[in-house]
Amino acid sequence: MMATDKEHSPETTMRSNFIHNMIDEDLAEGKYQEVYTRFPPEPNGYLHIGHAKSICLNFGTAKKYGGKCNLRYDDTNPVKEDMEYVNSIEEDVRWLGFEWDEKRWASDYFDTMYDAAVQLIKKGKAYVCELTAEQMKEYRGTLTEPGKESPYRNRTAQENLALFEDMKAGKYGDGEAVLRAKIDMSSPNINMRDPIIYRVAHATHHNTGDKWCIYPMYDFAHPIEDAIEGISHSICTLEFEDHRPLYDWVLNEVGFWNPQPRQIEFARLNITNMLMSKRYLKKLVDEGTVSGWDDPRMPTIAGIRRRGYTPEAIRSFCDDIGVAKSNSTVDFAQLETSVRDDLQFKVAARNVVMNPIKVVITNYPEGQIETCEVENNRNVPELGEREIPFGRELWIDGDDFMEVPIKKYFRLFPGNEVRLKGGYFITCNEVVKNEDGSIKELLCTYDPETKSGTEGGNRKVKGTIHFVEASTAVKIKIREYQTLMIENEDGNLELNPDSLHETWGYAEPSVSDVKAGERFQFFRKGYYIADSELTTDDEKVFNSIVSLKSSWKK
């Protein structure tokens, strides 16, 4: 029963939050007959753990209320979409344990959006503007000063319809004309100061080809997409709060749909030492700073999956941190605690020694190998026991020996006796060194009456260490990770030069049969996963998932 990356379904309903309280009120008032949400990613990069919170919230909310949730690709920009990103998004959603009701594309609604824009023009609520980008910025005003009306603002509906048709026919170059909503240039909300709702972009679209050379802006497209799909609650991150009046304005002025979707905002996920910007993450990939979008140091869902995090742990983490109305930052250690809490009850242990030191048991018969029984997981007796070999020559972990021990050091040192987990008691008698002064081997003796499981094995001893039998040991590569970003003296995040450290160790022989994606606890060390890309039949490469000890306090 080793944990691997299988699809998992959410086991429990997510806890209530302020969004659910609002939904409860809407349902009680009869505003909506069912709850319908959507997750609307832009397929221009891999999703990160911040998106995982949105996925869990949108899909989890639909599940809680017995409703539906769509996966909708926000492809309103006329750029060639990479199917690699589309495939990765769908893999991420399914890996987290969710399945969408319908898969939609924003570009499927371009005809309806165009019709809505024409309707606004006919109502005198939109106009074609030919100010340059610099002029428009100047006219817009500031947070304390109102904007100025465009000289093109009072064109007639007939003029605007003809000019908008010219835009659609390709008679304008990129940036030469835009369609703006006619709202209020003195509004205290800058988003309501005649925002652009269509722009010219002569580019081939991945879905609609060259049919269009004008494309809707997100703030115009977003409410229309929601309304077409019958979305009841459009759950967005907090940066869209100031855009909500425009969202409602579009729905009210277009007026095609009843009931209208309700936009609700929540605080996005921020985690210490994690920079969650698709643009920056793409730069790391493009420049070769990391091995790819799924580099185990990356905060992408693909990265944390390869790192060995479980979907159950991510869902639990998202549920534990809750849904807030204001931005805050979560300690990275809390995320690690969620991962650790999940793994401790499903992952079996394996003996692995790092910085290995050879132990020769001088009074043990040469050529003899016997087996010792050790439990797979002391927290889960159902995972049973396994047999490991024991012989005259062993490897122990470098941290388990000190030639000159510090105070209260109870592991192996000259003259001291320790218990070998599952094996015998041994005493270090002599330290043999190489010419350069490094340790070649430790000469020890064992007490044959002290094997674990026997009466003699119950004798008290202060130190217990683990081991790997030398002749059957499997050499493995180990990749230890720290956070990709660290905080500098100015409080800003910068790349951590020590985010990856490769080392090696010896493992018990059963590790030779490990397959990519299998997770283990390296006894007394931490949790590790056989890397999905680098592990082969001939070489076993393990990624550190999380340590055994937590620095976060609940």
Side-chain angles (χ1 to χ4, degrees), residues 38-47 51 71-90 103-121 126-137 140 150 152 160-181 191 194-226 228-229 239-240 243 246 250 254 277-283 285-287 293:
R38 83 288 172 270
F39 174 63
E42 185 175 358
N44 62 350
Y46 279 56
L47 302 181
H51 295 109
L71 172 64
R72 181 206 305 148
Y73 292 106
D74 171 29
D75 61 340
T76 54
N77 286 326
V79 293
K80 184 175 177 63
E81 306 292 345
D82 194 328
M83 287 305 296
E84 176 188 356
Y85 299 142
V86 172
N87 293 335
S88 73
I89 289 169
E90 295 177 14
K103 181 166 67 174
R104 301 288 190 97
W105 298 83
S107 56
D108 290 336
Y109 312 138
F110 280 172
D111 288 320
T112 302
M113 293 173 189
Y114 177 80
D115 291 342
V118 169
Q119 179 173 320
L120 291 179
I121 294 173
Y127 62 95
V128 174
C129 181
E130 296 168 61
L131 290 176
T132 65
E134 292 75 14
Q135 290 172 326
M136 200 170 296
K137 183 177 181 182
R140 194 180 192 197
S150 165
Y152 307 104
N160 285 313
L161 286 171
L163 292 170
F164 191 48
E165 182 62 30
D166 287 344
M167 287 173 59
K168 179 174 179 283
K171 295 182 180 181
Y172 286 94
D174 293 2
E176 291 183 352
V178 296
L179 184 69
R180 298 175 68 178
N191 296 296
D194 291 10
I196 299 172
I197 58 176
Y198 260 90
R199 81 284 199 193
V200 177
H202 291 272
T204 301
H205 191 279
H206 78 101
N207 188 23
T208 58
D210 295 320
K211 177 180 178 181
W212 300 94
C213 63
I214 55 171
Y215 293 91
M217 301 297 288
Y218 180 76
D219 278 345
F220 181 65
H222 179 203
I224 294 175
E225 294 160 14
D226 287 343
I228 290 173
E229 294 177 17
E239 63 263 33
F240 290 98
H243 297 248
L246 179 55
V250 170
V254 173
S277 161
K278 280 199 290 187
R279 181 179 301 174
Y280 182 80
L281 297 176
K282 187 175 187 302
K283 181 180 177 183
V285 174
D286 292 343
E287 294 180 351
W293 286 99

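Note that these values count all heavy atoms, side chains included, but never hydrogens, waters or copies made by symmetry. On a predicted model such as this, the values are computed, not experimentally measured, just so you know.
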Does any non-hydrogen side-chain atom of [Y] lie less than 4.5 Å from one of [X]?
X	Y	value
Glu84	Tyr46	yes
Pro41	Tyr85	no
Asp74	His222	no
Arg180	Met136	yes
Ile121	Phe164	yes
Glu42	Asp75	no

Check your understanding: What's the verdict on ring pair (Phe, Tyr, Trp, His ring centres under 6.0 Å) for His206 and Trp105, showing C-alpha distance, side-chain angles and the deciding distance?
Key -> CA-CA 11 Å; His206 78 101; Trp105 298 83; 5.0 Å; yes

Review point. Which pairs pass salt bridge (charged side-chain N to carboxylate O under 4.0 Å, His left out) with one or both residues in residues 202-211, sequence neighbours excluded?
Key: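 Residue pairs with at least one partner in residues 202-211: Asp111-Lys211.
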
Review point. Regarding Asn160 and Tyr152, is there a side-chain donor-to-acceptor distance under 3.5 Å anywhere?
Key: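 No, because no side-chain N or O of Asn160 sits under 3.5 Å from a partner of the opposite role on Tyr152.
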
Check your understanding: Is the backbone N or O of Ala116 less than 3.5 Å from a side-chain atom of Gln119, with the two atoms forming a donor-acceptor pair by type?
Key ->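 Flag not set: sc Gln119 to bb Ala116 has no pair under 3.5 Å.
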
Check your understanding: Within the side chain of His202, is there an N or O that forms a donor-acceptor pair under 3.5 Å with the backbone of Tyr172?
Key ->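 Yes, because the side chain of His202 sits within donor-acceptor range (under 3.5 Å) of the backbone of Tyr172.
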
Practice item. Report the C-alpha separation of Glu90 and Tyr73 in whole Å, then their side-chain angles, then the decisive distance to 0.1 Å, and conclude whether the side-chain hydrogen bond (donor to acceptor under 3.5 Å, both in side chains) test is met. Key: CA-CA 11 Å; Glu90 295 177 14; Tyr73 292 106; 2.8 Å; yes

Exercise for review: Could you check Leu120 against Leu179 for side chain to side chain contact (heavy atoms under 4.5 Å, CB included), going step by step and ending with a plain yes or no?
Suggested key: CA-CA 10 Å; Leu120 291 179; Leu179 184 69; over 6 Å; no

Exercise for review: Apply the ring pair (Phe, Tyr, Trp, His ring centres under 6.0 Å) test between Tyr215 and each candidate in Tyr109, Phe110, Tyr114; give the one that qualifies.
Suggested key: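 In the set Tyr109, Phe110, Tyr114, the residue that makes a ring pair (Phe, Tyr, Trp, His ring centres under 6.0 Å) with Tyr215 is Phe110.
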
Review point. What distance separates Glu287 CD from Lys282 NZ, expressed to the nearest 0.5 Å?
Key: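 Reported to 0.5 Å precision, the distance equals 10.5 Å.
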
